[in-house]
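In what follows, a single structure is set out as structure tokens and then discussed.
What you are looking at is a predicted structure, and each value in this text was computed from that prediction instead of being measured.
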Amino acid sequence: MEKKFIYDEQTAVVDTDKGKVRGYFYDDMYIFKGIPYAKAKRFHAPEPVEPWEGVFQATSYGYVCPLMDLGKPGGELMVPHRFWVMNEDCQNLNVWSPGLDGEKRPVMVWLHGGGFFAGSSIEQIAYEGENMCKLGQVVVVSVNHRLNVLGYCDLSPFGEEYANSGNAGTDDLVAALKWIHDNIESFGGDPENVTIFGQSGGGAKVTTLLQTPAADGLFAKGINMSGVLGGLMADCTGNGEKLGKALMEELKVEDVKALETVPYDALAAAYNKVKPALEKAGEYVGGAPYKNGFYAGDPVVNGFRRETEHVPMMVGSVFGEFGSFAPTPYKKAEMTPEAGAAYVEAEVGKEESKELLDLFRKAYPERNPVDIMTMDFMFRGPEIEYIKTRANCSGGVWPYLFNLDMNFDGGRTPWHCADIPYFFHNTELAPYTQEQGVTERVEKLIFDSVMAFARTGNPQNPEVPNWPVSTPETEYTLVIGKESEVKENFDHELIPVLGKCMGPVLARMMAKQKPQIQH
């Protein structure tokens, strides 16, 4: 079918609170890119942008936050990436809408991954919002914001003006949500029905916003995808006095104000140089949210704020996460279950592996036991506690586990990020997802669940079996695979044993070869 494209002075022009923006119409959607939602001085809170005269051309993606270093491309078959022009002036967002007609549609706000230090709103190809917008009839927004030393570097010991520099990146997200609240109705969205969703660091940002009073009332629902990682994404502790002084010494400047104006490349190089020694000494090094009056801290440690207990959530992860990036010296497709169990026994120890194998067969009767070698426990362990804590809240929580092997190397357990194309209905953009008779069915189940959640706050829909809201005693997890089912506390005994047995083995495996993808 022919796709219609229109770019003229009338078709995709919207009035915002700062001036007119002009996007374009394509394939039954109105698309706007790079709209500025705020501006900021380095280490300071975001401020409103100045109103502009004329029409802002919103047809190109805006700057993305500069990275701390330029990594070497790799692993693109597993997680297809793209990179973009970097600049500190990165407070911008993108909008996809089915109509500029005043109809109040659900709004989906994507928070990208990469921890709190890397990534962008367009970094992964699967982040594209067109299919979600068109097929789900929702307004999709993706957001860029400050990261790393620009977004999460506490300098509060050096003066009140830096009181929240340790959370500047989250402050940007609050500013973006305020822009959405004030303007999204003009783009066909409902400001009272906003769902924030994100994967990895983006999932952690969902949690962070739940714990940020300034974000209250700016979103109605949350989806946390592989965003619970315990200590690896823990809040910062201490303060940035030693870090600030080390940066000034390395850059040979005497005033903290100079850190605001040194070239970014010099600031990043200085940070990378001083960080290892500070980190080794247990000092603050930034790069994650900072508990203060702005941010209430990790909810598993501090409890979820009462003000957000009414917010419904979907929370989940994937079977393999980072473990599935590691090379496997065996060929699972050629292994019998007995051979798989024998392999695990050889790696873990015959006596040590007995309980592990028994619990694994109980939780995953359809899997070859050799999948224990790539099974995640670093995410799933903290996630179980997170879900239990959230289940005490009135909004409800619906857990899921993405358990579909990928058509890669003869079949590989799903890795960190593998589920993203299914959530966005973008499997057509990720070659590794293609499996005849499976891809379309699993994509529909996930996508329809996400769209039901966006509309009603409950993911139940005709594609999934009965999926009750979890309680503190019973976690009802939708285990998604070729055949999906809802299971009760299905892996709660397994995960602690897996961590105990596989922790040393995984450390040996990862020491031999680093994962191909870092986030």
Side-chain angles (χ1 to χ4, degrees), residues 36-50 63-70 86-92 114-118 144-176 201 205 208 211-214 233-297:
Y37 62 81
K39 63 178 182 178
K41 294 191 299 181
R42 188 186 289 175
F43 306 129
H44 289 72
E47 302 174 0
V49 296
E50 297 297 326
Y63 291 130
V64 303
C65 184
L67 302 176
M68 294 301 290
D69 52 51
L70 296 178
M86 298 183 292
N87 189 284
E88 290 186 51
D89 182 21
C90 61
Q91 290 93 351
N92 61 76
F116 293 90
F117 58 88
N144 286 312
H145 63 102
R146 285 175 289 178
L147 304 161
N148 52 63
V149 70
L150 299 175
Y152 297 91
C153 179
D154 173 55
L155 297 176
S156 60
F158 299 96
E160 182 62 27
E161 64 179 302
Y162 304 113
N164 200 39
S165 59
N167 294 306
T170 303
D171 213 352
D172 285 352
L173 291 176
V174 173
K205 292 165 195 173
T208 301
Q211 298 296 92
T212 300
M233 281 192 188
D235 297 337
C236 290
T237 57
N239 65 55
E241 182 174 10
K242 290 186 178 179
L243 174 60
K245 288 180 177 178
L247 288 171
M248 286 186 278
E249 182 178 348
E250 180 65 28
L251 290 163
K252 297 180 171 54
V253 299
E254 298 182 359
D255 189 341
V256 70
K257 292 292 287 184
L259 297 181
E260 295 183 30
T261 56
V262 298
Y264 174 78
D265 288 347
L267 177 67
Y271 177 86
N272 287 335
K273 188 169 182 180
V274 305
K275 177 185 175 182
L278 290 169
E279 199 166 35
K280 186 176 181 180
E283 300 290 345
Y284 172 94
V285 293
Y290 183 67
K291 184 181 177 183
N292 58 12
F294 176 84
Y295 167 61

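- The pair R146-D172 counts as a salt bridge, with a side-chain nitrogen and a carboxylate oxygen less than 4.0 angstrom apart.
- Residue-environment remark: CD (E249) stays at or below the threshold of 12 foreign heavy atoms within 6.0 Å.
- Between E283 and L243, the closest side-chain pair of non-hydrogen atoms is not below 4.5 Å.
- A 4.5 Å side-chain heavy-atom check between C65 and L150 finds at least one atom pair inside the cut-off.
- Here Y271 contributes atom OH and C153 contributes atom SG; the two are 7.5 Å apart, rounded to the nearest 0.5 Å.
- By the 4.5 Å heavy-atom criterion applied to side chains, F117 and L147 are not counted as neighbours.
- In this structure, CD on E161 lies 6.0 Å from CD on E260, to the nearest 0.5 angstrom.
- The minimum heavy-atom distance linking N272 with M68 is given by the pair ND2-O, 3.2 Å.
- Smallest separation of non-hydrogen atoms from A175 and A38: CB-CB, 4.1 Å.
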Yes or no on side chain to side chain contact (heavy atoms under 4.5 Å, CB included) for Q91 and L173, after CA distance, side-chain angles and deciding distance?
CA-CA 9 Å; Q91 290 93 351; L173 291 176; over 6 Å; no
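- The shortest non-hydrogen separation linking L155 to G244 is CD2-CA, 4.0 Å.
- Side-chain contact check for Y284 versus N239: every heavy-atom pair is 4.5 Å or farther apart.
- Between E50 and K39 the shortest heavy-atom distance is OE2-NZ, 3.5 Å.
- Counting non-hydrogen atoms of other residues, nucleotides and ligands closer than 6.0 Å to NZ of K245 gives a total of 12 or fewer.
- T170 and Y152 share a side-chain donor-acceptor pair at under 3.5 Å.
- For the pair V256 and M248, the tightest heavy-atom approach, listed with the atom from each and the gap, is N-SD, 3.4 Å.
- Side-chain N/O atoms of Y295 and D235 include a donor and acceptor closer than 3.5 Å.
- N292 and A163 get closest at one heavy-atom pair: ND2-O, 3.8 Å.
- A distance of 13.5 Å separates CZ of F158 from NZ of K257, quoted to the nearest 0.5 Å.
- We find the CZ-OG distance between F43 and S156 to be 12.5 Å, quoted to the nearest 0.5 Å.
- In this structure, N92 contributes its side chain and Y37 its backbone to no donor-acceptor pair below 3.5 Å.
- A donor-acceptor contact shorter than 3.5 Å is absent between the side chain of D89 and the backbone of A40.
- Under the 4.5 Å side-chain criterion, counting only non-hydrogen atoms from C-beta, E88 is in contact with R42.
- Side-chain contact check for Q211 versus K291: every heavy-atom pair is 4.5 Å or farther apart.
- Side-chain atoms of Y162 and H44, non-hydrogen and from C-beta on, do get closer than 4.5 Å to each other.
- By the neighbour-count criterion of 12 heavy atoms within 6.0 Å, atom OH of Y264 is densely surrounded, having more than that number from other residues, nucleotides or ligands.
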